[in-house]
Amino acid sequence: MTPPTTRPRRYWLMKSEPGECSIDDALAAKHATVPWTGVRNYQARNFMRDEMQAGDGVLFYHSSCPQPGIAGIAEIASAARPDPTQFDPDSPYFDPKASHGKPRWLLRDVKALRKTRLLGLAELRAHPELAHLKVLQRSNRLSITEVNEADWELILRLLA
DNA sequence: GCCAACGTTGGC
DNA sequence: GCCAACGTTGGC
């Protein structure tokens, strides 16, 4: 018997518009868990479909709002599964080219662990060690990016 | 509301 | 496969 394969825990930054799903909304949800619906970018989808693993750490980021920044800590809480909003003609995320037989968009459930103080962009930028963070790059539009372990640990220290 | 950057679309 | 037009993102 070969032992189950393991890999080091990975870390992600996931953007959510608080008007749609804030860290408070996620914490208030059943099991503090929300399906990460509405991602319609292939690179972000591929992270959810192929790269993530249950238990991975998540920086819960508020975007498109008065105070953008990291607002909480969460973790990946499920395997990949089809995003149901792609099949719903009444959803803004409806995708007429998707079908149940051939879903295009896969999501993960994300479990909120705690709300933190808001760690805003200006403060993130004030730490040169974090300068390479994807979310700080000029006009990065990707809603899911990977965070390396050193950055994860530094950010958790800043939030402590 | 502005606007730069980027992904997607579709004609060729 | 190219590439211009278009739509979206998202901080400011």
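No hydrogens, no waters, no symmetry mates; every other heavy atom, side chains included, goes into these values. Residue numbers start from 1 in every chain, and the chains themselves are labelled A, B, ... in the order their sequence lines are given, proteins ahead of strands.
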May I ask you to test the Lys134(A)-Leu142(A) pair for a side-chain heavy-atom distance under 4.5 Å?
no

How would nucleotides 7-12 of chain C be written as a contact map, 5' to 3', with B for base contact, S for sugar-phosphate-only contact and - for no contact, using protein heavy atoms under 4.0 Å?
BBBBSS

Are the side chain of Thr33(A) and the backbone of Asp109(A) linked by a donor-acceptor contact shorter than 3.5 Å?
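Flag not set: sc Thr33(A) to bb Asp109(A) has no pair under 3.5 Å.
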
side-chain contact (heavy atoms from CB on, under 4.5 Å) with Arg157(A): which of Leu154(A), Ile155(A), Leu159(A)?
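With Arg157(A) as partner, Leu154(A), Ile155(A), Leu159(A) yield a single side-chain contact (heavy atoms from CB on, under 4.5 Å), made by Leu154(A).
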
Give the minimum heavy-atom separation between Ile144(A) and Met52(A), together with the two atoms involved.
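The pair with the smallest heavy-atom distance is CG2-CE, 3.7 Å.
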
What residue pairs, at least two apart or across chains, pass ring-ring contact (aromatic ring centres under 6.0 Å, His included) with a residue in residues 40-77 of chain A?
Trp12(A)-Phe47(A), Trp36(A)-Phe60(A), Tyr42(A)-Trp105(A), Phe60(A)-His62(A)

